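All remarks here apply to the structure that follows.
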There are 2 protein chains.
Amino acid sequence: MFFSINPTNGLAIFDQIVRQVKFAVANGTLPPGEMVPSVRELAKELAVNPNTVVKAYRDLTSEGILEAVRGTGLNVTKDAVAHCEKERLVLLRERMRHVLEEAHSSRLEADEIRSLVEDELVRLERSAKGKRGKKGADT
Amino acid sequence: MFFSINPTNGLAIFDQIVRQVKFAVANGTLPPGEMVPSVRELAKELAVNPNTVVKAYRDLTSEGILEAVRGTGLNVTKDAVAHCEKERLVLLRERMRHVLEEAHSSRLEADEIRSLVEDELVRLERSAKGKRGKKGADT
DNA sequence: CGAAGTGTTCTATCGTGATAGAACAGTAAA
DNA sequence: TTTACTGTTCTATCACGATAGAACACTTCG
């Protein structure tokens with residue numbers, strides 16, 4: 001499935017779920033009309049309490065991103081895509097800003113910040129590649 | 001004073017204090033032997049509960065960064081500088097990594113991430129300039 | 001029908017961060 | 001000594017995120 005939880009993220013679990021659903025909608029992984037995993041199913045998959053998933057889905061529903069079909073499940077609304085596409089960068093930018101503000105107020109130079117970002121970007125690329133090419137070396 | 005609290009930071013107040021003390025030690029703003037503000041004074045200045053400052057100072061003391069002089073106050077230890085210089089990048093890098101991981105898992109391209117970072121960096125530069133040259137334009 | 005799956009709602013408990021307020025022991029200076 | 005600072009240690013309360021377990025109304029399918 002698309003979802004995963006990172007306990008050291010700094011974000012609450014329910015918030016991580018909310019954001020990942022939004023991101024999945026924004027990039028087309030979760031198209032309108034598609035059903036999200038059921039509360040109990042997702043809770044089991046993430047090894048998380050069902051009530052935590054309930055809270056995430058409740059927030060998403062009250063934002064108009066999900067809608068309930070009684071007795072059946074929750075699906076992505078038609079309006080969700082535009083909404084999530086707009087919000088995607090806003091959410092990421094806001095978090096990024098907090099980190100950069102801390103770096104800046106700690107007297108880190110802009111170039112030091114840039115190289116820190118580059119370090120972590122290549123690290124991300126490497127681990128992504130590592131997952132794609134399971135056994136082989138490269139290619 | 002050097003310290004300030006950002007409620008929307010995602011970090012607990014006591015943790016923000018801990019990190020800011022470490023950063024101040026790392027960049028020489030808070031040299032060894034220097035006294036940190038008293039518990040009650042800092043609590044008043046940050047409009048925060050004294051117990052919150054106590055917790056931050058207790059953590060810093062148990063890490064060997066501050067030491068108590070009974071009846072007088074807390075001062076920065078001799079070993080603190082090396083310790084904090086090492087930890088500075090680690091702390092910032094760890095937080096940065098979490099944000100970049102989220103951006104990456106949301107299918108944001110590396111170049112989009114870079115331009116997002118650049119956006120926020122110039123924003124930081126602007127606000128820093130704005131604070132330095134209060135009334136005048138530049139110089 | 002009945003069983004199994006939906007979402008929804010409820011109470012209770014726990015840990016943590018924060019607040020509030022009080023008390024105690026030590027030091028410094030008038 | 002007295003006063004006014006230090007740090008330190010309590011108890012109590014609150015909000016919030018998370019957990020646990022149960023119940024209810026609805027739909028789908030055999």
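In what follows, chains carry the letters A, B, and so on, assigned in the order in which the sequence lines appear, proteins first and then strands, with residues in each chain numbered from 1. Note that this is a predicted model, so its numbers are computed, not measured.
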When the nearest nucleotide of DNA chain D is assigned to Ile13(A) and to Thr72(A) on a heavy-atom basis, which residue is associated with the more 5' position?
-> Ile13(A)

Leu46(B) CG - dA18(C) C1' separation (whole Å) = 14 Å

N/O donor-acceptor pair, side chain Asn51(B) with base dG17(C), under 3.5 angstrom | no

Rounded to the nearest 0.5 Å, the CG atom of Asp119(A) sits from the CG atom of Leu100(B) at a distance of 10.5 Å

Please check if Val18(A) and Leu42(A) belong to a single hydrophobic cluster, counting links between Ile, Leu, Val, Met, Phe, Trp and Tyr side chain heavy atoms closer than 4.5 Å.
-> yes

Min side-chain heavy-atom separation Val21(B)-Leu30(B) under 4.5 Å = yes

Going by atom types only, do Asp79(B) and Thr77(B) share a side-chain donor-acceptor pair under 3.5 Å?
-> no

Check the distance between dC5(D)'s P and Leu74(B)'s CG and give it to me in whole angstrom.
-> 18 Å

Between Val54(A) and Asp15(B), who's closer to the 5' end of DNA chain C by nearest nucleotide?
-> Val54(A)

Roughly, in whole Å, what's the span from CD in Glu41(B) to C1' in dC5(D)?
-> 11 Å

Does Asn49(B) make a side-chain donor-acceptor contact with the base of dG21(C), cut-off 3.5 Å?
-> no

Rounded to the nearest angstrom, tell me the gap between atom CG in Asn6(B) and atom P in dA18(C).
-> 13 Å

Atom CG of Asn75(B) and atom P of dG7(D): how far apart are they, to the nearest Å?
-> 11 Å

In whole Å, what is the span from the CG atom of Leu42(B) to the C1' atom of dT6(D)?
-> 14 Å

State, with a plain yes or no, whether a side-chain heavy atom of Glu34(B) is found less than 4.5 Å away from one of Asn75(B).
-> no

Which nucleotide sits closest to the side chain of Ala12(A): dT27(D), dG7(D), dG17(D)?
-> dG17(D)

What nucleic acid atoms does Phe14(B) come within less than 4.0 Å of, heavy atoms only: base, sugar-phosphate, or nothing?
-> sugar-phosphate

Any Lys55(B) side-chain N or O less than 4.0 Å from OP1/OP2 of dG17(C) = yes

What nucleic acid atoms does Arg58(A) come within less than 4.0 Å of, heavy atoms only: base, sugar-phosphate, or nothing?
-> nothing

Tell me what Val48(B) touches on the nucleic acid: a base, only sugar-phosphate, or nothing, going by heavy atoms under 4.0 Å.
-> sugar-phosphate

Specify the separation, in whole Å, of atom CZ of Arg40(A) and atom P of dA22(D).
-> 13 Å

Integer-rounded Å distance: dG7(D) P and Asp59(B) CG | 15 Å

Would you tell me if any nitrogen or oxygen in the side chain of Thr52(B) comes within less than 4.0 Å of OP1 or OP2 on dT19(C)?
-> yes

